[in-house]
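Working notes for the structure below.
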Amino acid sequence: MGEYHMAQKYFGVMMVNVTGVELLIVNLKTHKSLERVTKEINLGDDVYRDQPVQFETVSKVVEALTGFVQILHDYGVENYQLWGSQALSQAVNADFMADQFFLHTGLEVRWLSMSEEAYYRNQNISLELKDKKKASHGIVYLVGITSGNTSVTRFDGGKFVTSTNFALGPIKIAEDLQSLRQSAPNSTGVLNDYIDSKLNDFDMGDLASLVSNPSPTKIVLLGTSPIRGLVSHYEKDDSLTSLPVSAFNDLVDDIVDASDQYLIEQLLVSEDAVPLILPELLLIRRVIQLTGAKELSFSDSGIVDGLVNNEEVALGFSKHDFTYQTITMAINLADHYDVEPVHRDLVTKFALHLFDQLKPLHMLGGRERVLLQVASILHDVGNYVGIHAHYIHSEYIIRHSDIIGLSREERAVIAAIARYHSSTTPSEDLSHFSQISAENRRLISKLAAILRLADALDDDRQQKIKKISVSIKSHSVVITVYSNANLAYENWIFNSKSHFFQETYGLKAVLKQRGVKD
């Protein structure tokens, strides 16, 4: 276990969001955390009023991060990352902040998307849901409320079902309420209507199952929101981890009429958080109604914990890979847009087979394979809008869909692969393609060229080819297809679609047929 490996075991994550900064240092091998530091700095007021975050505030964040880097060095940690929340990335001067962070820490901040935040925040708790050998878990909704967003993820008996995000959070509600309050005397009624109108825009579809479910439904609130402290002070129980929904509703009814003074003195709410308490309570109550939950519990599962887990998987310390959730979500989306499943699954199978066999040519890794898989599942969603130029509709739908665990950039890559899977190629579509970074252009071309061949093998959707094998020769890639059918049409389509492959990989793709003994 050399010195190098020692340093490799340690991993540090720094996270900046609208409430401050956080540092977590973990030994990836033992999964023990060595250090967890949180520093509260309020950036939310500026972000949600669409004003640049003030220079003094940015300096405070930079100072905290510089301190964190010092701690990382003291521990001898060489592998560390800096992440920023989705809400903060929306700040008017997000680029300026990113630049300041870089100057002082040497790190590029990676901004999370809403669906990545939900993905990482859910991880610790979903491991717990899976681990315990209880079949009684029933339906569990993980609810993550950040200042500006709410994510709801559903698990049935420990299995991931679906996840959705609402661009609605307590700060956003509180801001909008300021104006409502002045004009409406009955502010709670107005507030409820307002939250309803916002949540009604979202499709709770798969989230709230229409079947009257015999097993009890519960909600787990994730992250350390002020609500947890408030509930334990109200119930006079510090070790409180859950409570029945009826008790929660009583609490809300009490607090609706409570004075700020009562919240601060009796329930020990910090003054900053007071305006957010009511919006958050009513938001939770609304989610409870939509999901029919009977019990409410709390979990500390946070984004940084998921980021640590991700690194453990990436470096081979852990097997807890959550990419299946991204794939499940892609299939949900394909179903929603009536994508024909037999063709979809066959094309996905061929595309992944080609990807695996062509590794010596493309040198891409596991993450790129996931992107290709999602693109294969979703490449035809645009047909829902219209068959004509469906690839443009596919691109639009994918860009604007919420798929848990994908970054904005990854979603753009998948959307572009879907755009180029059929007829136009990047070289014919330069104006569109030139907005993408050179590195991603190479990636999109490599994956789109593979998807295009896979799609060509079942172009008439007759599933004539069940199996393929691939061999790489010095001037060509030979794809042998096993089928007794007449493949004249497939050959013709394949030849017209393989030019793009040759353009990208520098080798000609050749189709060979072999008969199958029944």
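The first residue of the sequence shown is numbered 1, and numbering continues consecutively from there. FYI, side chains are in, hydrogens and waters are out, and symmetry mates aren't considered; it's all heavy atoms of this structure.
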Quiz item: Looking only at atom types and distance, does a side-chain atom of Asp156 sit under 3.5 Å from a main-chain N or O of Ile139, one as donor and one as acceptor?
Solution: no
Exercise. Indicate yes or no for a side-chain donor-acceptor contact from Asn79 to the backbone of Gly12 under 3.5 Å, with no hydrogens or angles considered.
Key: no
Exercise. Please identify each residue that fulfils ring-ring contact (aromatic ring centres under 6.0 Å, His included) with His475, with sequence neighbours left out.
Key: none
Practice problem: Can you sort out the partners of Asp458 under salt bridge (Lys or Arg N to Asp or Glu O under 4.0 Å), two or more places apart, ordered by chain and number? | Solution: none
Quiz prompt | Geometric cation-pi criterion, Lys467 with Tyr482: 6.0 Å, 45° | solution = yes
Quiz item: Hey, is Asp305 close enough to Arg36 for a salt bridge, meaning N to O under 4.0 Å?
Solution: yes
Quiz prompt | Reference residue Ser115; test side-chain contact (heavy atoms from CB on, under 4.5 Å); the match among Thr326, Asp402, Ile403, Thr164 | solution = Asp402
Practice problem: Run through Leu511, Ile493, Leu487, Val347 and flag the one making a side-chain contact (heavy atoms from CB on, under 4.5 Å) with Leu457. | Solution: Leu511
Quiz item: In Å and rounded to the nearest 0.5 Å, what is the CD1 to CG distance from Ile450 to Asp455?
Solution: 13.5 Å
Quiz prompt | From CG (Leu453) to NZ (Lys497), nearest 0.5 Å | solution = 9.5 Å
Quiz item: At their closest point, which heavy atom of Ser318 faces which heavy atom of His320, and how far apart are they?
Solution: OG-N, 3.0 Å
Self-check item: Minimum heavy-atom distance Arg408-Ser89, with the two atoms named
Solution: NH2-OG, 3.6 Å
Quiz item: Parallel, tilted or perpendicular: which describes the rings of Phe160 and Tyr324, with under 30° parallel and over 60° perpendicular?
Solution: perpendicular
Quiz item: Mind checking whether His362 and Phe355 have ring centres under 6.0 Å apart?
Solution: yes
Self-check item: More than 12 heavy atoms from other groups under 6.0 Å of CG on Asp356
Solution: yes
